[in-house]
Amino acid sequence: MTTITDAIIVGGGSSGTAIQCALARAGIGRTVLLERGVLAGGPTGRSPAILRQQYGHAELVRMAQFGIDYFHSWQEHSSGNCDYRRIALLAVAGEENLAAFDTTLEIMRECGARVEPIAPADLGRWIPGARHDDVLRAAIEPDAGYCDPHATALSFAAQARTHGAQLMQGVEVLDLLRSDGRVCGVRTASGDILAPIVILAAGPWTPMLAARAGVALPIRTVRHSVAQLLRPAATPAMEVMLADYINGIYFRPEGADQCLAGSLRGADTADVADPDRFDEGISEDVFVELAQRMVHRVPDWTELGDGGGWSSLFDVTPDAYPLIGPVEQLPGLYVAAGLSGHGFKLCPAIAHMITAHITGQASRFDLALFSPERFAAGKPIVGRASYHYRTPLVA
């Protein structure tokens, strides 16, 4: 059986569903989204879905701002629910990353993001009992927050369907179809689907799909673990999120009695050869390492409980910035992948960029900067600030 449509989106995570929703709202309602499993069944569903603006490149700051504004005003423009929670992000830095931290704050202010310096000695006002003797700089980002990634992806998809879009779950794309030097659709076990536009937003599976059409994407897959730390009974509930650029840890509250914690250190990730075969749990060593970093910053959490955790996948590029936009090598093919762990907060901006290009409208952002072919052209993205940690920790 052969189906004909206007555009095909491959991947039912936050980016794929956001793109289909944006296309539908722009009047391209005859689209098909193909998801090999279920919506948000991959990395999206395991994301802490943190919204923040701390980046070393102004364009990503602006894209993150767009996302925060989008989720903050969700009820004004969208149906369904993203379960948006506004909660401040406290960031701290020591000697090792002080210059990068100062530059990051400078970039944020240049882009109009609200970020307020605080004295290290005042950390306890935000996180009772927080250690500050190793902190040289601290700041609060009051407009940060987080969402429910499952609810968000499902709501994007539901809104797209009200405009005539089609969703097909449990359908795997086997190959990309080509004709006269351009993409013309996809092949599935259920038959071919023809369209002049195919958008690959399949996270770690994107480079394998592109390779079947002769397109090489410089994306590697790494494993990232998240620990669920149970709050000690004698300590108050966390009311902020934390980005600790000294210990290389982030955490955010999950309800009143636990926190989700993960590593900010790239060295803590491990390459994954096959995204269909990896350990989805969290090892005891990794859990203990994250718990120790948490206790280092908040000694009152020494008696924290073990709530388990999980591991997911990041699709990472050599410069750690996304691949977004058309593939000149194969006209009609678009990519939204290599998001390097930033995909959820950027998905509204990514959807806007792809939709603007397809419809011929002006984009708020520099799509060419994120070209999927920038590495072949010798044009990697170079940010003004990057963070490094000398001490190797558990992978």
Notebook entry, point to check: Less than 6.0 Å separating the ring centroids of Phe344 and Tyr146?
Noted result: no

Note to self: Keeping Asp148 on the side-chain end and Ala151 on the backbone end, is there a donor-acceptor pair under 3.5 Å?
What the structure shows: yes

Next item on the list: Assert yes or no for the condition that the ring centre distance of Phe71 to Tyr84 is strictly below 6.0 Å.
Entry: no

Margin query: Is the shortest side-chain heavy-atom distance between Leu367 and Pro326 below 4.5 Å?
Written below: yes

Notebook entry, point to check: Do side-chain atoms of Ser155 reach the backbone of Asn81 as a donor and acceptor pair under 3.5 angstrom?
Noted result: yes

Notebook entry, point to check: With side chains defined as the heavy atoms from C-beta onward, is the minimum distance between Trp301 and Thr235 less than 4.5 Å?
Noted result: yes

Item checked: Trp74 ring center near Phe156 ring center (under 6.0 Å) -> yes

Checklist line | Side chain proximity check, Arg46 to Leu313, heavy atoms < 4.5 angstrom | finding: no

Notebook entry, point to check: With Asp143, which of Lys345, Arg52, Arg114 fulfils salt bridge (Lys or Arg N to Asp or Glu O under 4.0 Å)?
Noted result: Arg114

Note to self: Taking Asp366's backbone N and O only, do any of them form a donor-acceptor pair with Glu59's side chain (distance below 3.5 Å, no angle check)?
What the structure shows: yes

Margin query: Within the structure provided, determine whether Val186 and Leu34 are in side-chain contact (heavy-atom separation under 4.5 Å).
Written below: yes

Note to self: To the nearest 0.5 Å, what is the distance between CZ on Phe101 and CG on Leu136?
What the structure shows: 10.5 Å

Notebook entry, point to check: Hey, is the main chain of Asp69 close enough, under 3.5 Å, to the side chain of Ser73 for a donor-acceptor pair?
Noted result: yes

Checklist line | Parallel, tilted or perpendicular: rings of Phe66 and Phe365 (30°, 60°) | finding: perpendicular

Next item on the list: Could you tell me which non-hydrogen atom of Arg297 sits nearest to which non-hydrogen atom of Asp244, and how far apart they are?
Entry: NE-OD2, 2.7 Å

Check: Does a side-chain heavy-atom distance below 4.5 Å link Met168 with Val32?
Finding: yes

Item checked: CD-CZ distance between Gln65 and Arg364, expressed to the nearest 0.5 angstrom -> 11.0 Å

Margin query: Tell me if a side-chain donor or acceptor on Asp315 pairs with a main-chain N or O of Gly338 at a distance below 3.5 Å.
Written below: yes

Notebook entry, point to check: Cut-off 3.5 Å, side chains only: do His388 and Ser386 have a donor facing an acceptor?
Noted result: yes

Item checked: Shortest non-hydrogen contact between Leu290 and Ser263, atoms and distance -> CD2-N, 3.8 Å

Check: Atom CZ of Arg85 and atom CZ of Arg252: how far apart are they, to the nearest 0.5 Å?
Finding: 9.0 Å

Check: What distance do Leu339 atom CG and Ile324 atom CD1 have between them, rounded to the nearest 0.5 Å?
Finding: 6.5 Å

Next item on the list: Enter the distance from Phe251:CZ to Leu260:CG here, rounded to the nearest 0.5 Å.
Entry: 11.0 Å

Next item on the list: For the pair Arg212 (side chain) and Leu174 (backbone), establish whether a donor and an acceptor sit closer than 3.5 Å, ignoring hydrogens and angles.
Entry: yes

Check: Does atom CD of Glu239 have more than 12 heavy-atom neighbours, drawn from other residues, nucleotides or ligands, at distances under 6.0 Å?
Finding: no

Note to self: Is there a side-chain contact between Met63 and Met353 in this structure, where contact means two heavy atoms from C-beta onward sitting under 4.5 Å apart?
What the structure shows: yes

Note to self: Would you say the ring centers of His357 and Tyr334 fall short of 6.0 Å from each other?
What the structure shows: yes

Item checked: Gln54 versus Thr104, side-chain donor and acceptor atoms under 3.5 Å -> no

Item checked: Side chains of Ile381 and Phe375 in contact at under 4.5 Å (non-hydrogen atoms) -> no

Checklist line | Summary of side chain to side chain donor-acceptor pair (under 3.5 Å) pairs that have at least one residue in residues 162-184, sequence neighbours excluded | finding: none

Notebook entry, point to check: Taking 4.0 angstrom as the limit, do Arg131 and Asp300 come out as a salt bridge?
Noted result: no

Notebook entry, point to check: Taking the six-membered ring for Trp, are the ring centroids of Tyr70 and His77 within less than 6.0 Å of each other?
Noted result: yes

Notebook entry, point to check: Are any side-chain N or O atoms of Thr269 and backbone N or O atoms of Gly266, one a donor and one an acceptor, separated by less than 3.5 Å?
Noted result: yes

Check: Between Thr103 and Arg384, does any side-chain donor sit less than 3.5 Å from a side-chain acceptor?
Finding: no

Notebook entry, point to check: Atom CZ of Arg231 and atom CD of Gln258: how far apart are they, to the nearest 0.5 Å?
Noted result: 10.5 Å

Item checked: Criterion side-chain contact (heavy atoms from CB on, under 4.5 Å) against Ser15, the qualifying member of Ile199, Thr44, Ile350 -> Ile350

Check: Can you name the nearest heavy-atom pair linking Ala139 to Ile118, along with the distance?
Finding: N-CG1, 4.1 Å

Check: Distance only, no hydrogens: is a donor on one side chain within 3.5 Å (strictly under) of an acceptor on the other, for Asp134 and His296?
Finding: yes

Note to self: Go through it in stages, so that I can follow the logic: the residues are Ile8 and Ile197, the test is side chain to side chain contact (heavy atoms under 4.5 Å, CB included), and I'd like the CA-CA distance, side-chain angles, deciding distance and then a yes or no.
What the structure shows: CA-CA 6 Å; Ile8 299 165; Ile197 295 170; over 6 Å; no

Note to self: With no hydrogens and no angle check, just 3.5 Å: does a side-chain donor-acceptor pair link Gln53 and Glu141?
What the structure shows: yes

Notebook entry, point to check: Short question: side chain of Thr5, backbone of Arg30 - any donor-acceptor pair under 3.5 Å?
Noted result: yes

Check: Any idea which heavy atoms bring Arg265 and Asn247 closest together, and the distance?
Finding: NE-O, 3.1 Å

Note to self: Quick one, Arg374 with Thr317, criterion side chain to side chain contact (heavy atoms under 4.5 Å, CB included). Give me CA distance, side-chain angles, the key distance, then yes/no.
What the structure shows: CA-CA 11 Å; Arg374 66 178 181 272; Thr317 63; 4.1 Å; yes

Next item on the list: Using atom types as modelled and distance alone, determine if a side-chain donor or acceptor of Arg25 lies under 3.5 Å from a backbone N or O of Cys21.
Entry: no

Next item on the list: Verify, without hydrogens or angle tests, whether Glu96 (side chain) and Tyr245 (backbone) share a donor-acceptor contact under 3.5 angstrom.
Entry: no

Note to self: Quick check on Glu303: does its CD atom have over 12 non-hydrogen neighbours (other residues, nucleotides or ligands) under 6.0 Å away?
What the structure shows: no

Check: Given side chains that start at C-beta, do those of Ser311 and Glu280 come closer than 4.5 Å, heavy atoms only?
Finding: no

Margin query: Could you walk me through whether Ile140 and Val115 satisfy the side chain to side chain contact (heavy atoms under 4.5 Å, CB included) test, starting with their C-alpha distance in whole Å, then the side-chain angles of each, then the deciding distance to 0.1 Å, before giving a yes or no?
Written below: CA-CA 6 Å; Ile140 278 284; Val115 58; over 6 Å; no

Check: For atom CD of Glu95, is the number of surrounding heavy atoms from other residues, nucleotides or ligands below 6.0 Å larger than 12?
Finding: no

